[in-house]
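Just so we're clear, the structure is a prediction, and the values are computed from it rather than from any experiment. Along the sequence shown, residues are numbered consecutively beginning with 1.
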Amino acid sequence: MAKVSSIFQPLTAADVHAIHVNKLLSSPWANRFTLSSAFLNSSGVLAFSASLLPVAHCTRFFIGIRNGSTTAQGISQLLKAGAEVYAVDTATKYRLFHPKAFVASGPDSALAIVGSANLTHAGLHNNIEIGARLELDLNNHDDALFHSTLLDQFDDLPVSFPMNCFKISSARQIVELMGNGHLEDERDQTTQTVVGVAKHKGKISPKPKINLPSVRPAKLKIRRKKHVIAPPPIAGVGATKAVPHYGNLVWEKPNIPRGDLQLLNVGHGSGVLRLTQARFEVNGARIDQTTYFRNKVFSNLPWSVDPVDPGKETASATFALVVQGVYAGDFELRLSHKPAWEAGQGNYTTGLHWEDAKPVISRPGLIGGTLRLFNPAIAGGAFIIEID
């Protein structure tokens, strides 16, 4: 028979939901985890990320989106950890996806926390939230029925409502959802959901604040968006002002080395991304990197001969950078092409100069990741570089 206890946060400071979620994810007997929340942000994920990492491969999340609270950064952290993430969009402002349920399942036992707490910092620490903690014996008929009925409902969501409950599996999807307004951007200073604060809080009350324990969120290293006037488009190249749509994948480079990210320990970085072969194939054949980038990928750019080095050509284009699921902005970057760099050894002949984008990509956490290059979705639009 189930053993039931209550959680009434934060009336007891040591009984906040963050503690219980971490204990749930650390259950040694569990082989499957299901977590559902209306809202989620990066500071919420930070509260349980250490416990999630060892079990992320068998953990799935159901998270509400298009609700003004769930953020791109929070979803990105779940994907980076290796968890399975389903977004739930009811497609109507009159009905929110609102269940908060966290379940650990094993062969003979299960643990469920069902209540009001969202996976945000405030929901897991500071809001006045209530929850029921149920320790279930799956050899007991009633406990097993409750457990299976609860999880069956989540299993059925993507089957019965595939347009409304869908899997998020890439940084590209995250950026598109953010661009469509379905996910919030924590870099936007008008987005207060980093600490779980609603956007419309009502008038300031003359009453004293309720005196209960609280926990300050950890400081998140989020680069704030700057509100600047976009420069005029350069002839032949579109200056994209909003999150762009993806075109076709034209190159992929796995296992990004330190040098490409300008993170060499000795000396100074070259400032160049080497556009190598990287075993990338087009129509089943590996590309010839000595001609592929100059004559195919970037053939429509206005190339010109370098007056200092007549054997080299240069051009520039707009590149939208998407780093670990977050759109970092558009950058006007130079390209150089010099056949002599090949030197008869199959080396690269085309390079991309990071220049103003260097602070965005020079991150140790990106070493060993994958870089993808996409064509503009429309003529004159921005190329997209995605790193995750």
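- Minimum interatomic distance between Asn127 and Gln9 (heavy atoms only, all atoms of both residues): O-NE2, 3.0 Å.
- Note that NE2 of His147 and CG of Leu111 are 10.0 Å apart. Values are rounded to the nearest 0.5 Å.
- The cluster map of Ile, Leu, Val, Met, Phe, Trp and Tyr, joined by side-chain heavy atoms under 4.5 Å apart, puts Leu124 and Leu52 in the same cluster.
- The hydrophobic cluster containing Val103 also contains Val4, counting ILVMFWY residues as joined when their side-chain heavy atoms lie under 4.5 angstrom apart, directly or transitively.
- A donor-acceptor pair under 3.5 Å links the side-chain atoms of Asn22 to the main chain of Ala47, judged by distance alone.
- Between the side chains of Gln262 and Ser362, no donor-acceptor pair is found at a separation under 3.5 Å.
- Using a distance-only test at 3.5 Å, with no hydrogens or angles considered, a donor-acceptor pair links the side chain of Ser148 to the main chain of Ala144.
- Annotation for Pro376 and Gly381: closest pair CG-O, 3.5 Å, computed over non-hydrogen atoms.
- Note: Leu333 CG to Ser316 OG = 9.0 Å, rounded to the nearest 0.5 Å.
- Separating the CZ atom in Arg372 from the CD atom in Glu252 is a distance of 5.0 Å, to the nearest 0.5 Å.
- Using modelled atom types, one finds a donor on one side chain and an acceptor on the other under 3.5 Å when comparing Gln173 with Ser169.
- Donor-acceptor pairing under 3.5 Å is recorded for the side chains of Glu129 and Ser116.
- Follow the hydrophobic side-chain contacts under 4.5 Å out from Leu151 and you reach Phe161 in the same cluster.
- Side-chain contact of Tyr246 with Glu386: a donor-acceptor pair under 3.5 Å is present, judged by distance alone.
- Between Phe280 and Tyr292, the two ring planes are tilted [angle within 30° to 60°].
- Atom-to-atom distance recorded for Ile385:CD1 and Phe374:CZ is 11.0 Å, nearest 0.5 angstrom.
- Counting heavy atoms from C-beta outward, Leu25 and Leu35 have side chains that approach closer than 4.5 Å.
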message = What verdict does the side-chain hydrogen bond (donor to acceptor under 3.5 Å, both in side chains) test give for Thr71 and Glu186, after you've listed the backbone C-alpha separation in whole Å, the side-chain angles of each residue and the deciding distance to 0.1 Å?
response = CA-CA 7 Å; Thr71 69; Glu186 293 178 17; 2.6 Å; yes

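- Checked options Val85, Ile65, Leu119; the residue passing with Leu40 is Leu119 (criterion: side chain to side chain contact (heavy atoms under 4.5 Å, CB included)).
- Proximity of His337 to Pro339: side-chain heavy atoms (C-beta onward) are separated by under 4.5 Å at one or more points.
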query = Going through the distances and angles, do Phe97 and Cys165 end up as a side-chain contact (heavy atoms from CB on, under 4.5 Å)?
reply = CA-CA 10 Å; Phe97 178 76; Cys165 181; over 6 Å; no

task = Step by step, work out the side-chain contact (heavy atoms from CB on, under 4.5 Å) result for Gln73 and Asp185.
result = CA-CA 7 Å; Gln73 288 81 358; Asp185 185 352; 2.9 Å; yes

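- Between Leu24 and Phe33, some side-chain heavy-atom pair lies under the 4.5 Å cut-off.
- Between Asp260 and Lys253, at least one side-chain nitrogen of the basic residue sits less than 4.0 Å from a carboxylate oxygen of the acidic one, meeting the salt-bridge criterion.
- We find that Glu135 and Arg133 are joined by a salt bridge, their nearest charged nitrogen and carboxylate oxygen being less than 4.0 Å apart.
- Taking the charged nitrogens against the carboxylate oxygens, Lys23 and Asp15 have no contact shorter than 4.0 Å, which rules out a salt bridge.
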task = Apply side-chain contact (heavy atoms from CB on, under 4.5 Å) to Ser304 and Glu313, showing your working.
result = CA-CA 5 Å; Ser304 61; Glu313 294 179 286; over 6 Å; no

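- Between the side chains of Gln289 and Thr349, no donor-acceptor pair is found at a separation under 3.5 Å.
- Contact between Leu138 and Ala110 at its shortest, heavy atoms only, is CD2-CB, 4.0 Å.
- For the atom pair CZ (Phe383) and CG (Leu373), the distance works out to 7.0 Å, reported to the nearest 0.5 Å.
- Each of Trp341, Tyr348, Trp251 was scored for a ring pair (Phe, Tyr, Trp, His ring centres under 6.0 Å) with Phe293, with one residue passing: Trp251.
- Looking at Asp288 and Gln277, their side chains never bring a donor and an acceptor atom within 3.5 Å of each other.
- Criterion: ILVMFWY side-chain heavy atoms under 4.5 Å apart, direct or through other members. Under it, Leu150 and Phe61 are not part of a common hydrophobic cluster.
- The backbone N or O of Ala101 sits nowhere less than 3.5 Å from a side-chain atom of Ser36 that would complete a donor-acceptor pair.
- At distances below 3.5 Å, not a single donor-acceptor pair connects side-chain atoms of Ser109 with backbone N or O atoms of Gly106.
- Under 3.5 Å, the side chains of Asn67 and His182 contain no donor-acceptor pair of N or O atoms.
- Asn118 places no side-chain N or O within 3.5 Å of a backbone atom of Gly123 that could act as its donor or acceptor partner.
- Within the 3.5 Å criterion, the main-chain N or O of Asp137 finds a donor-acceptor partner in the side chain of Asp143.
- The structure places OG1 of Thr350 at 6.0 Å from CG of Leu275, a figure rounded to the nearest 0.5 Å.
- In this structure, Thr70 and Leu183 have side chains that are in contact, with non-hydrogen atoms separated by less than 4.5 Å.
- In this structure, Ser27 contributes its side chain and Trp29 its backbone to no donor-acceptor pair below 3.5 Å.
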key: Pair Asp330-Leu321, side-chain contact (heavy atoms from CB on, under 4.5 Å): steps then yes or no   = CA-CA 6 Å; Asp330 290 359; Leu321 265 60; over 6 Å; no

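- Side-chain contact of Ser160 with Asp156: a donor-acceptor pair under 3.5 Å is present, judged by distance alone.
- Within the 4.5 Å cutoff, no side-chain heavy atoms of Phe331 are placed close to those of Glu355.
- No side-chain heavy atom of Asn41 sits under 4.5 Å from any side-chain heavy atom of Ser69.
- Counting only heavy atoms from C-beta outward, the side chains of Thr314 and Leu335 never approach each other to under 4.5 Å.
- Proximity of Trp303 to Phe298: side-chain heavy atoms (C-beta onward) are separated by under 4.5 Å at one or more points.
- In this structure, Phe62 and Tyr86 have parallel ring planes: the angle between them is below the 30° cut-off, well short of the 60° mark.
- Side-chain atoms of Lys296 never come within 3.5 Å of backbone atoms of Arg294 as a donor-acceptor pair (strictly under, hydrogens ignored).
- A donor-acceptor pair under 3.5 Å links the side-chain atoms of Asp309 to the main chain of Gly311, judged by distance alone.
- Residues Arg60 and Thr34 bring a donor and an acceptor atom of their side chains to less than 3.5 Å of each other.
- Hydrophobic clustering of Ile, Leu, Val, Met, Phe, Trp and Tyr side chains at less than 4.5 Å, counting indirect connections, keeps Leu134 apart from Ile113.
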